[in-house]
2 protein chains.
Amino acid sequence: MASRTIENYLKQIYLSRPADETQWLTMGKLSMAVGVTPGTATSMVRAISDAHLVEYEPRAGVRLTPAGEQLALHVLRRHRLIELLLVKVLGLDWSEVHAEAEELEHVVSDRLLARIDEILHHPAFDPHGDPIPTAGGVVRRQDCCTVLDCPLDSPTRIARILDQSAEFLQYVNVCGLLPGAEISVASRNHQAQTVEVMVIKSGEKQALTLSFAVAEKFFVQTT
Amino acid sequence: MASRTIENYLKQIYLSRPADETQWLTMGKLSMAVGVTPGTATSMVRAISDAHLVEYEPRAGVRLTPAGEQLALHVLRRHRLIELLLVKVLGLDWSEVHAEAEELEHVVSDRLLARIDEILHHPAFDPHGDPIPTAGGVVRRQDCCTVLDCPLDSPTRIARILDQSAEFLQYVNVCGLLPGAEISVASRNHQAQTVEVMVIKSGEKQALTLSFAVAEKFFVQTT
DNA sequence: AAAACAATTTTGGGCAAGCAAAGTTAATTG
DNA sequence: CAATTAACTTTGCTTGCCCAAAATTGTTTT
Ligand SMILES: [Mn+2]
Ligand SMILES: [Mn+2]
Ligand SMILES: [Mn+2]
Ligand SMILES: [Mn+2]
């Protein structure tokens with residue numbers, strides 16, 4: 001059994017892996033993601049590599065083996081199912097569940113997880129719109145664009161938000177930009193680096209301005 | 001914050017404390033309860049005593065300070081509320097929830113615990129009939145007798161079972177001796193050390209024989 | 001090509017928990 | 001009382017995980 005430390009490393013290696021599959025994740029990035037000093041990450045990765053859960057190339061970086069990826073996806077599945085349970089059944093606010101799940105993901109048994117999955121009717125997405133890997137370790141990929149690059153003036157639906165920080169999610173809540181919300185992008189200003197978004201908030205249409213950096217965090221799906 | 005190890009020690013010191021308040025809990029008993037060697041218990045208790053959570057008297061034993069007791073009761077509250085949640089909301093069998101709660105009790109936040117308490121309508125007892133300490137750390141004491149010493153031939157109700165092992169609880173399940181079940185004690189045989197119990201199992205009355213040792217595990221309340 | 005820089009690895013050390021086995025103490029027994 | 005025994009404590013060692021700071025390496029810059 002992998003320790004909770006190792007589970008956290010594997011999960012972060014998965015989440016922080018570079019888009020280009022041939023690339024390695026550097027120790028600097030990993031140590032930041034896990035929240036330890038670079039030296040600690042190096043020696044931990046050495047150990048995890050001895051267990052054949054990652055490949056490690058000194059001065060290049062780290063990459064999950066198939067076994068390591070399965071384990072990472074299992075942790076991610078636990079994390080996201082727990083988040084959804086906390087929102088749907090326990091009634092916590094979606095801005096607080098990430099921190100909570102960060103701990104719970106390491107102690108929930110397979111049996112309990114199966115019950116949670118049943119109660120939620122085998123959901124495909126967590127409260128932030130992140131896909132929940134299947135019990136078999138498969139991630140159903142949804143290709144969609146962001147508020148930054150979707151077509152203008154067409155009605156779309158927010159599908160996913162790429163930020164787990166409680167403060168940001170509370171702001172998102174206030175704006176009504178939650179997953180499922182219908183919006184359309186009115187315009188983009190490349191000089192000011194801002195996007196103007198129309199959102200239906202408690203019945204009436206409202207305009208909202210976001211920076212490019214923030215717009216990029218919102219994935220949308222054309223309806 | 002107390003580590004999960006310390007939380008476990010405090011909880012076991014509370015649960016294993018001798019009935020006589022003036023007595024100390026010996027290191028032997030404690031090390032058995034926690035599942036470590038006696039030497040480990042001794043040095044751990046020394047450390048916890050430095051934190052003023054217990055009093056430790058070499059060669060006598062250990063005893064909780066008021067601060068330590070509050071912490072222990074908090075852990076116990078988490079444990080028992082979680083057990084009830086797992087049974088009532090998640091639909092786990094009551095024989096499996098103890099092991100599950102043993103881990104979860106250390107990672108559930110105050111906020112989540114408050115939600116659980118609300119959803120369950122501030123329950124007073126867990127699935128085994130054990131009292132749930134209040135948020136203020138008060139244990140509501142119910143004085144009742146056991147199947148070993150209750151009056152004969154009077155209808156009573158099972159209130160509490162003093163054994164958390166899954167196998168035993170599954171047997172209890174089969175016999176219909178769960179908390180809430182109506183029973184009456186027909187006779188006791190002091191030579192054979194057995195008790196004959198009448199229990200209403202799926203409509204019809206059934207007779208059941210238990211040893212003194214097992215009878216003692218069932219607390220009953222006269223109805 | 002040399003110097004400077006940034007990223008990474010190595011070294012040395014710390015803390016929390018644990019075990020095994022040796023040493024101590026206190027109670028029990030002959 | 002002396003000897004034995006059982007319970008407890010001490011000692012020495014291990015493992016997992018972490019940090020700070022020094023050393024190394026690969027890449028830019030000058
Ligand atoms: Mn985690
Ligand atoms: Mn999420
Ligand atoms: Mn526990
Ligand atoms: Mn219980």
Side-chain angles (χ1 to χ4, degrees), chain A residues 1-14 16-18 20 22-64 68 71-72 75 102-103 105-107, chain B residues 1-14 16-18 20 22-64 68 71-72 75 102-103 105-107:
Chain A
M1 264 304 90
S3 68
R4 94 183 34 209
T5 302
I6 290 179
E7 287 190 347
N8 278 330
Y9 274 83
L10 292 175
K11 198 182 68 170
Q12 292 304 335
I13 293 170
Y14 178 83
S16 312
R17 97 212 101 112
D20 178 354
T22 67
Q23 294 293 303
W24 301 76
L25 173 64
T26 63
M27 288 300 122
K29 298 249 175 69
L30 176 59
S31 67
M32 287 283 300
V34 176
V36 295
T37 59
T40 301
T42 298
S43 55
M44 231 8 246
V45 161
R46 276 212 131 81
I48 300 175
S49 147
D50 290 346
H52 305 290
L53 295 170
V54 298
E55 290 176 76
Y56 167 61
E57 195 71 50
R59 314 236 162 221
V62 67
R63 200 163 24 178
L64 292 170
L71 237 164
V75 178
E102 203 57 54
E103 294 298 314
E105 65 188 356
H106 308 292
V107 299
Chain B
M1 266 301 92
S3 70
R4 95 182 33 211
T5 302
I6 290 179
E7 287 190 347
N8 278 330
Y9 273 81
L10 292 176
K11 197 183 68 172
Q12 293 304 337
I13 293 170
Y14 178 83
S16 311
R17 98 213 100 113
D20 178 353
T22 66
Q23 293 293 302
W24 300 77
L25 173 65
T26 64
M27 289 300 122
K29 298 248 176 71
L30 177 58
S31 67
M32 287 284 299
V34 176
V36 296
T37 59
T40 301
T42 299
S43 55
M44 218 28 231
V45 162
R46 275 213 131 76
I48 301 174
S49 146
D50 290 346
H52 305 292
L53 295 170
V54 298
E55 289 176 77
Y56 167 60
E57 195 70 49
R59 311 232 164 226
V62 66
R63 199 165 23 178
L64 291 170
L71 236 163
V75 178
E102 204 55 56
E103 294 298 314
E105 65 188 357
H106 307 292
V107 298

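This structure is a prediction, so every number in the text was calculated from the model and none was measured. Residue numbers begin at 1 in each chain, while the letters A, B, ... track the order of the sequences.
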Range on DNA chain D touched by chain A - first to last nucleotide, heavy-atom distance under 4.0 Å: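 Endpoints of the contacted stretch of DNA chain D: D:dC17 to D:dT25.
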Nearest whole Å is fine: how far is [N] [atom2] from [X] [atom1]?
X     : N      : atom1 : atom2 : value
B:D50 : C:dA16 : CG    : P     : 11 Å
B:R59 : C:dA26 : CZ    : C1'   : 8 Å
B:E57 : C:dA26 : CD    : C1'   : 15 Å
B:M44 : C:dC15 : CE    : C1'   : 12 Å

Phosphate OP1/OP2 of C:dT8 contacted by A:Y56 side-chain N/O (<4.0 Å):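 No.
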Contact under 4.0 Å: B:Y9 side-chain N or O vs C:dG18 OP1/OP2: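 Yes, because at least one side-chain N or O of B:Y9 sits under 4.0 Å from OP1 or OP2 of C:dG18.
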Heavy-atom check, side chain of B:R4 versus side chain of B:E103, under 4.5 Å: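 The answer is yes, as the side chains (C-beta and beyond) meet within the 4.5 Å cut-off.
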Heavy-atom side-chain contact between A:I13 and A:R63 under 4.5 Å: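 Not in contact.
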Checking all strands, does [X] fall into the base, sugar-phosphate, or nothing category for heavy-atom contacts under 4.0 angstrom?
X     : value
B:G39 : base
A:S43 : nothing
B:S3  : sugar-phosphate
B:T5  : sugar-phosphate
B:R4  : nothing

Nearest-0.5 Å distance that lies between atom CD in A:E57 and atom OG in A:S49: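 Here the rounded value is 10.0 Å.
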B:T42 side, atom OG1; B:R59 side, atom CZ - distance, nearest 0.5 Å: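 So the gap between those two atoms works out to 9.0 Å.
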For B:E7 against B:E105, the heavy-atom pair lying closest together: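 Looking at all heavy atoms of both residues, the shortest contact is OE1-O, 4.2 Å.
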Nearest atoms (heavy-atom pairs only) where A:A72 meets A:L64: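 Of all heavy-atom pairs spanning A:A72 and A:L64, the closest is CB-CD1, 4.2 Å.
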Partner residues of B:D20 under the side chain to side chain contact (heavy atoms under 4.5 Å, CB included) criterion, sequence neighbours left out: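 Per chain and number, B:D20 pairs via side chain to side chain contact (heavy atoms under 4.5 Å, CB included) with B:T22, B:Q23.
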B:T37, nearest nucleotide to its side chain (from C:dG18, C:dT8, C:dC19):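 So the side chain of B:T37 is nearest to C:dC19.
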